[in-house]
Structure formats: C-alpha cells, structure tokens
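Residue numbers begin at 1 in each chain, while the letters A, B, ... track the order of the sequences.
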Protein chains: 2
Amino acid sequence: MGKKTTIYDIAKRLNTTASTVSRALNNSPKISKKTKDLVLETANKMNYQQNKLALALKSGKSNNVGVIVPRIDSNFFASIIKGIEENLYAHGYRVIICQTQNNQNIEVEIINTLLKAQVDGILMSISSINLDTKNSFNRILQKQIPLIFFDRKANIKDVSSVTINDFEAGYMATKHLINQGCKKIAHLSGNILLDIFNNRFLGYKKALEEEGIEFNKAYVLKIRSTVKDGQNAAKQLLKLRNPPNGIFSSSDYAALGAIQEIKANGIKIPGDIKVVGFANEPFTKFMELSISTIDQSPVEMGKIAANVFLQQSNNSENTKIEKNVVLAPKLIIRKSSLKHPNE
Amino acid sequence: MGKKTTIYDIAKRLNTTASTVSRALNNSPKISKKTKDLVLETANKMNYQQNKLALALKSGKSNNVGVIVPRIDSNFFASIIKGIEENLYAHGYRVIICQTQNNQNIEVEIINTLLKAQVDGILMSISSINLDTKNSFNRILQKQIPLIFFDRKANIKDVSSVTINDFEAGYMATKHLINQGCKKIAHLSGNILLDIFNNRFLGYKKALEEEGIEFNKAYVLKIRSTVKDGQNAAKQLLKLRNPPNGIFSSSDYAALGAIQEIKANGIKIPGDIKVVGFANEPFTKFMELSISTIDQSPVEMGKIAANVFLQQSNNSENTKIEKNVVLAPKLIIRKSSLKHPNE
DNA sequence: ATTTATCTTGCAAACATTTTTAAAACCTAT
DNA sequence: ATAGGTTTTAAAAATGTTTGCAAGATAAAT
C-alpha cells in the first residue's frame with residue numbers, strides 16, 4: 001500500500017500500455033472517449049498522482065523557481081516573497097526560498113545549488129557584489145535561465161530588475177525634512193557599494209544642494225539595519241559641536257534606535273530633531289510617536305518581479321531583453337517628522 | 001553553448017562510459033585515482049553540474065521539503081520558516097514555501113501539489129480541520145511521507161508536532177493580570193476549533209477558577225488577528241454595564257487595536273485596563289506603551305520541527321513514531337499590564 | 001606460462017514520464 | 001472484397017542519473 005501507482009500500473013490493469021494511459025490522462029485527441037473514461041476512472045480508483053519529477057526530467061522544466069533573499073524574517077522581504085509566491089503559484093510554479101544571511105559565500109553556493117536543482121528561474125535580492133557573485137550570475141545567464149533582481153540589484157547587461165526609485169526616495173525624505181524646517185540633516189546610510197544605499201545618499205545630497213545647504217561629511221554615518229546601530233549613530237551625532245536637527249535613516253530599525261537614544265537624552269522628537277526612516281516596517285505605524293518612512297510596496301514589487309519572470313520564460317526570444325521596472329516610492333508622513341504634530 | 005553538459009558528454013570526451021564518470025564523481029572506491037582525477041578535471045573544464053532531478057527520479061528522494069503556512073508576512077511564521085530553512089539547508093534539503101491564506105480549499109490543493117512534486121516531507125501549520133484536510137493528511141501518511149505539524153496542529157495518530165504549551169500560556173497571561181490587580185478579565189479568542197485557541201481559552205478559564213473569579217461569557221469575544229477586530233472587540237467590551245479591567249488577547253494585533261480604541265475613549269492603560277497580547281510581534285516591544293505578550297520562540301520552533309523531520313526520515317522505522325514536542329511559552333511583561341509601570 | 005586474485009571498467013536496467021514512429025483496427029466507397 | 005483513408009493503440013526512444021552484475025585488464029602467485 002505504500003507503493004506509488006504509476007501509469008504502468010494502470011496500463012497493466014487495463015491490459016494496455018503506458019503511452020495510452022499517459023495520453024488519456026493528458027486528454028489527447030488521439031484517444032477515444034471510451035478508453036479515456038476508463039483510464040480516468042481506474043486512475044482515480046488506484047489513487048494515481050502524476051510524478052512531476054519524471055515529467056520535469058523529461059521536459060527540462062522543473063516548475064520550480066528559486067528566490068534568494070538576505071533574510072526572510074523582516075517584513076519587507078517576507079512581503080516581497082508573499083507577492084512572488086502568490087503570483088507564481090497561480091501559474092503552476094513552486095517557490096524555493098533561500099536566505100544568504102548577507103554572506104557572499106553562501107550566496108554563491110545557493111546559486112549553484114539552485115542550478116543543480118534545475119530551477120526554471122532565479123529571483124533575487126543581492127547581498128553583495130563582487131567577482132564571485134558576478135561569475136555566478138554569468139553562469140545563470142549562460143544556461144539561459146531567467147534571472148531577475150528585486151530591490152538590491154547588480155548592474156548586469158541583459159538582466160531585468162524591479163526596484164524602487166531610491167534616489168527619488170532619498171530626495172523626497174530629505175526635502176520633506178527641509179520643508180519641516182530642518183537645515184542640519186544627518187543621514188544614516190547602509191553599505192554604499194549597494195545601489196540602493198548609494199542612490200538614497202545621492203538623493204539626500206541633491207535635496208541639500210537644491211536648497212543651498214552645505215553638505216557636511218560628519219553628518220553621514222554608515223550603519224547596519226539594527227536598533228543598536230541606530231542608537232550608536234545617534235550618540236555620535238549628539239556629540240558633535242553642531243548636532244543635526246533632522247535625520248534621514250536608510251533603515252526603520254536604525255531610525256527607531258536613534259529615536260530611543262535621542263529621547264533618552266531628553267531631547268524632543270519631533271520638536272528638536274525630526275526623523276524619517278525607510279521601509280515602512282509595521283512598527284513604524286503603531287508606535288505612539290509614529291515614524292515617518294518610505295513605503296516600497298513590497299508585495300507589489302514581488303508580484304511584478306514574478307510577472308517579469310513569466311514574460312521572460314514564455315517568450316524564449318525575450319530572455320535577453322532587459323526590462324527595468326522602477327516603482328515610485330511613497331513618503332509616509334507620520335509624527336516623527338512633523339513641525340506641528342498636533343494639527 | 002546553452003546546452004547542459006551531462007556525464008555522457010564527459011564520457012564521450014574521455015572515451016569511456018557514463019557509469020565510470022558517475023562513479024568517479026561520487027568518489028567510488030572502485031575507480032582508480034588516475035581516472036578519477038582525469039574525470040574531475042574534465043568535468044570542471046566542461047562546467048559540469050549534476051542534475052538533481054535525474055538523481056531524484058532515480059533515488060526517489062527529491063531533497064525538497066514542503067512548508068505550508070497560513071501566510072508568510074507575519075513575523076511569527078516568517079521566523080519559523082527561518083528556523084526551518086536554516087536547519088534543513090545545512091542537511092541538503094531545499095524548502096518549498098506555500099501559503100494557504102487560511103483557505104481550506106487551497107490547503108487541500110497545496111498538499112496534492114506537493115505530493116505530486118515528490119517532496120520528502122511536509123511541515124505545516126494547519127489552517128482548518130475538517131474531513132477534506134483529514135483526508136489529505138491520510139494520503140500523506142499512506143505514502144510514508146513524514147508529516148510534522150508546528151504551532152497549529154491536528155490530533156492525528158502517528159503524526160508528530162511541535163507546539164508551545166498554549167494552555168500554560170493562557171494560564172500565565174491571565175494569572176499575571178490577576179496578580180496585577182485585575183478581577184474582571186476579558187479574553188479575545190481565535191477560532192476555538194483550532195487547538196491553540198481552545199487551549200489558551202482553557203488556560204484562561206483555569207486561572208480564573210483558581211482565583212475564585214466567576215467566568216463571564218460576555219467577556220469572551222471571537223476575533224481574527226487584526227487591528228480592526230481588536231478595535232471592534234474593545235468597543236463592545238466598553239459598552240458593557242460592567243466593563244473589564246484586564247484583557248488577554250490571543251493576538252498582538254488585536255491587542256494593539258484594543259489599546260488604541262481604549263485610549264481613544266480616554267481610558268488609561270495600564271491604569272484602568274491592563275492588556276496582554278500574544279506572539280511577541282516586534283512592534284509590541286518598540287511601542288512607547290510597550291505591550292506585554294507571550295513569546296513562542298518561533299525560530300527555535302522551526303528548528304525543532306526540522307529536527308523531528310530529519311529524525312523521522314533517517315530512521316524509516318521511526319516514521320510511525322509520534323513525537324510531540326511542547327515548548328514552554330515565555331511571558332514577557334511590559335508596560336501595558338503593569339500595576340506600577342514606573343518602578 | 002598459466003592460474004588465481006584483485007582492481008578497474010563497461011553494459012544494461014531502472015526511475016516515471018512524454019512523444020515520435022509505426023502498426024493495427026476499423027470504416028467507407030468502389 | 002479490397003484499396004484507401006482514418007482512427008486508435010502499441011512499441012520504442014528519450015530525459016540524466018545510479019548500480020548490480022559481468023567481463024576485461026593487470027598484477028601476483030604458483
């Protein structure tokens with residue numbers, strides 16, 4: 001009873017061959033209605049389930065898609081995955097999740113593993129960009145497997161991507177702070193080697209420039225996306241002879257840490273210092289002092305990334321057509337950055 | 001150049017056969033060092049990558065494990081998946097993610113799909129329990145595929161599970177409220193057909209009983225895990241002739257909604273009403289009025305569920321040995337439930 | 001030099017499908 | 001009744017591996 005029933009089993013019972021059964025199950029026009037019904041009935045009776053593995057081997061399509069993210073337990077990435085999964089499931093694809101933990105060795109290894117598993121496509125948010133990873137990307141492309149970047153992209157020819165306009169986001173956030181009366185604006189930045197962080201930084205700079213505010217190198221600190229790093233950054237900023245009165249953080253978590261630290265020093269938010277974060281993590285909305293932030297529409301981003309994949313894998317011609325979708329960021333204004341929070 | 005190289009290609013180039021190449025690559029002792037080196041070298045040169053699909057078909061092991069959750073974009077489930085993924089990846093398994101969206105039809109369909117995909121195991125948190133799903137579970141068991149429940153389990157013979165002690169959690173939370181001076185304690189409950197919610201409810205009742213507090217049916221409301229439902233529930237509770245002064249919510253989101261609603265009515269938390277939530281979602285910690293809650297150690301839960309799977313799939317004997325791991329919940333006391341929040 | 005033992009390799013089957021090609025079976029019209 | 005055509009089924013090849021069995025080659029021992 002533990003054995004799986006195959007089309008051979010069905011064939012044997014009906015005194016026919018596997019090919020007939022296969023065609024009958026696939027509703028081929030070459031099979032008479034009578035045998036079709038018979039096959040279908042016995043298949044049901046025998047509890048037959050198609051073995052997708054065999055089909056995959058035969059057809060060369062596994063119907064599996066690999067999704068690679070730095071980590072899954074952040075609302076941002078979880079939401080993207082939600083979008084991808086929902087869209088691809090409806091098209092018969094299964095989604096294989098892998099986390100790099102921001103480790104480039106793991107990243108390269110994961111790509112290899114997915115290739116061996118014969119995935120039909122790879123959707124990923126890169127953790128690092130260097131010679132090894134670039135090599136991996138090329139191996140994917142050589143095998144003609146669709147590769148799509150989301151959020152954190154590398155600039156590689158023929159590779160599509162779905163991102164938000166991070167430059168615009170940085171610009172909007174900074175401009176908003178200026179509009180609320182800030183003249184001395186700090187920026188908590190991520191690793192500038194990644195496009196997303198670099199672009200946010202450039203947007204920040206542009207906004208300052210436009211308003212004739214001089215760029216102050218001491219106001220820009222590199223942080224990881226943690227509460228702790230935000231606290232440390234705030235400490236450092238408050239120690240300055242001329243501390244900022246506005247902070248644009250590339251991370252909601254760091255923004256939170258900064259806010260906690262600043263408050264602990266008896267300094268008022270948004271009164272004395274105004275803060276804008278990034279990513280619209282759920283907690284930013286729920287806090288008493290709700291945090292202004294940038295929304296990146298992660299679920300939509302995931303859905304679009306999935307769509308781009310579907311397009312590319314349908315049109316084998318299109319595999320080489322690069323398509324770069326850039327979503328508009330949304331500035332979400334909450335209390336942490338308002339000049340007059342009670343109005 | 002787009003063609004994949006197979007062991008046949010390597011064999012042809014070396015004027016030998018596929019079997020030799022296979023053995024060489026697998027470091028079989030039956031192959032001389034000389035040819036091994038030769039094969040390995042040319043395999044590298046030709047950019048060979050093993051086709052896991054073929055191997056899977058041959059061996060009957062796909063090295064894929066299906067993970068089914070109601071949704072992925074909640075910190076709780078994302079964290080569990082993180083634990084599962086990290087543990088299983090290290091053992092050569094890939095994790096296929098599926099969401100049921102709490103829909104039982106989808107749930108049944110997903111199980112079917114995973115079975116066809118020949119997964120080596122299914123780890124799931126059930127969405128619903130009824131005849132159809134039970135049928136699906138039986139089909140999994142019939143195929144001798146390890147099935148492990150986490151958090152939301154069904155009581156099925158021979159099926160292992162990893163849960164927390166929800167009874168204890170409900171008891172702890174309620175007892176804590178009582179200790180903080182509450183005598184009139186409401187409970188926001190989920191669907192009581194699911195064990196987790198029923199057990200939390202029973203724990204709640206037990207604590208009341210132990211303290212000689214009479215059970216009041218009007219204090220128990222059924223909610224979904226949303227802010228909105230929490231708000232509505234609070235509205236309803238406040239309308240009572242004798243409103244509660246403590247709330248134990250089965251959901252952090254609902255607890256948040258209740259808190260918002262209560263505050264909006266000018267009622268003090270924790271002064272007038274004390275609140276405890278459930279799940280330790282990140283925001284509960286970050287809020288100005290931090291929310292007391294129950295931590296379920298989701299990452300650990302995922303890791304343990306993965307371990308149970310690994311044990312069962314190694315010992316084919318053990319497949320039928322039910323193992324029910326019950327983790328201890330942790331009551332995390334924060335401001336929302338404290339008699340004297342400033343001490 | 002021949003047998004025996006040991007080491008190394010090749011052949012073919014197996015995994016569960018689909019698909020191409022070929023062959024029956026059936027029917028219709030002459 | 002038979003040629004021609006159409007419909008239906010059967011046989012075989014193909015997908016990329018692993019593996020049991022047999023055989024070939026080499027080395028050792030008589």
Side-chain angles (χ1 to χ4, degrees), chain A residues 2-40 42-43 46-64 92 113 115-120 143-144, chain B residues 2-40 42-43 46-64 92 113 115-120 143-144:
Chain A
K3 271 321 261 136
K4 307 159 195 165
T5 63
T6 74
I7 51 175
Y8 278 98
D9 302 328
I10 301 176
K12 196 178 279 177
R13 170 160 326 178
L14 293 179
N15 258 326
T16 176
T17 79
S19 55
T20 304
V21 174
S22 170
R23 276 195 258 260
L25 291 173
N26 289 321
N27 202 17
S28 154
K30 311 195 136 188
I31 296 287
S32 69
K33 177 128 186 355
K34 207 178 93 188
T35 47
K36 255 184 212 170
D37 289 346
L38 192 61
V39 166
L40 233 68
T42 38
M46 296 178 76
N47 234 311
Y48 169 77
Q49 269 184 324
Q50 189 190 42
N51 184 334
K52 291 276 183 195
L53 272 187
L55 175 54
L57 177 59
K58 182 70 177 30
S59 68
K61 305 231 97 205
S62 68
N63 283 307
N64 285 135
T113 310
L115 287 179
K116 287 183 192 168
Q118 312 290 115
V119 290
D120 296 340
K143 299 211 174 199
Q144 316 252 41
Chain B
K3 271 322 262 137
K4 307 159 193 165
T5 62
T6 74
I7 52 175
Y8 278 98
D9 301 329
I10 301 175
K12 195 178 281 177
R13 172 163 320 184
L14 293 180
N15 256 328
T16 174
T17 79
S19 55
T20 305
V21 174
S22 170
R23 278 193 256 259
L25 291 173
N26 288 320
N27 201 17
S28 153
K30 309 192 140 191
I31 296 287
S32 69
K33 177 128 184 1
K34 207 178 96 191
T35 47
K36 256 185 211 170
D37 289 346
L38 191 61
V39 167
L40 234 68
T42 38
M46 296 178 75
N47 235 313
Y48 170 76
Q49 270 184 325
Q50 190 190 42
N51 184 335
K52 292 276 184 194
L53 274 186
L55 175 55
L57 177 58
K58 181 69 173 45
S59 68
K61 306 231 96 206
S62 68
N63 284 306
N64 285 138
T113 310
L115 287 180
K116 287 183 191 165
Q118 310 291 115
V119 290
D120 295 340
K143 300 211 172 196
Q144 315 253 41

(request) Answer yes or no: is there a side-chain heavy-atom contact under 4.5 Å between L25(A) and L40(A)? (result)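 Answer yes - side chains close enough.
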
Who pairs with [X] by side-chain contact (heavy atoms from CB on, under 4.5 Å), at least two apart in sequence or on another chain?
| X | value |
| --- | --- |
| A117(A) | none |
| T35(B) | I31(B), S32(B) |
| L57(B) | N51(A), A54(A), L57(A) |
| Q49(A) | N112(B), L115(B), K116(B), R139(B), K143(B) |

(message) Under the rule for salt bridge (Lys or Arg N to Asp or Glu O under 4.0 Å), what residues qualify as partners of K33(A), not counting sequence neighbours?
(response)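 Partners of K33(A) under the salt bridge (Lys or Arg N to Asp or Glu O under 4.0 Å) test: D37(A).
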
Run the side chain to side chain donor-acceptor pair (under 3.5 Å) test against [X] and tell me which residues pass, sequence neighbours left out.
| X | value |
| --- | --- |
| S19(B) | T17(B) |
| N15(A) | none |
| K61(A) | none |
| T113(B) | Y89(A) |

(message) Below 4.0 Å from chain B heavy atoms, what is the first contacting nucleotide of DNA chain C and what is the last?
(response)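 Contact span on the strand: dT8(C) to dA16(C).
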
(message) Let me check the geometry of the helix from dA1(C)-dT30(D) to dT30(C)-dA1(D). What is the bend angle between the axes at its two ends, five pairs each, to 10°?
(response)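 Overall, the helix from dA1(C)-dT30(D) to dT30(C)-dA1(D) bends by 70° from one end axis to the other.
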
(message) Strictly under 4.0 angstrom, non-hydrogen atoms only: write out the protein contact profile of nucleotides 12-20 of chain D, one letter per nucleotide from the 5' end, B, S or -.
(response) --BBBBBBB

(message) Please classify the nucleic acid contact of D9(A) as base, sugar-phosphate, or nothing, using heavy-atom distances under 4.0 Å.
(response)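 No contact.
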
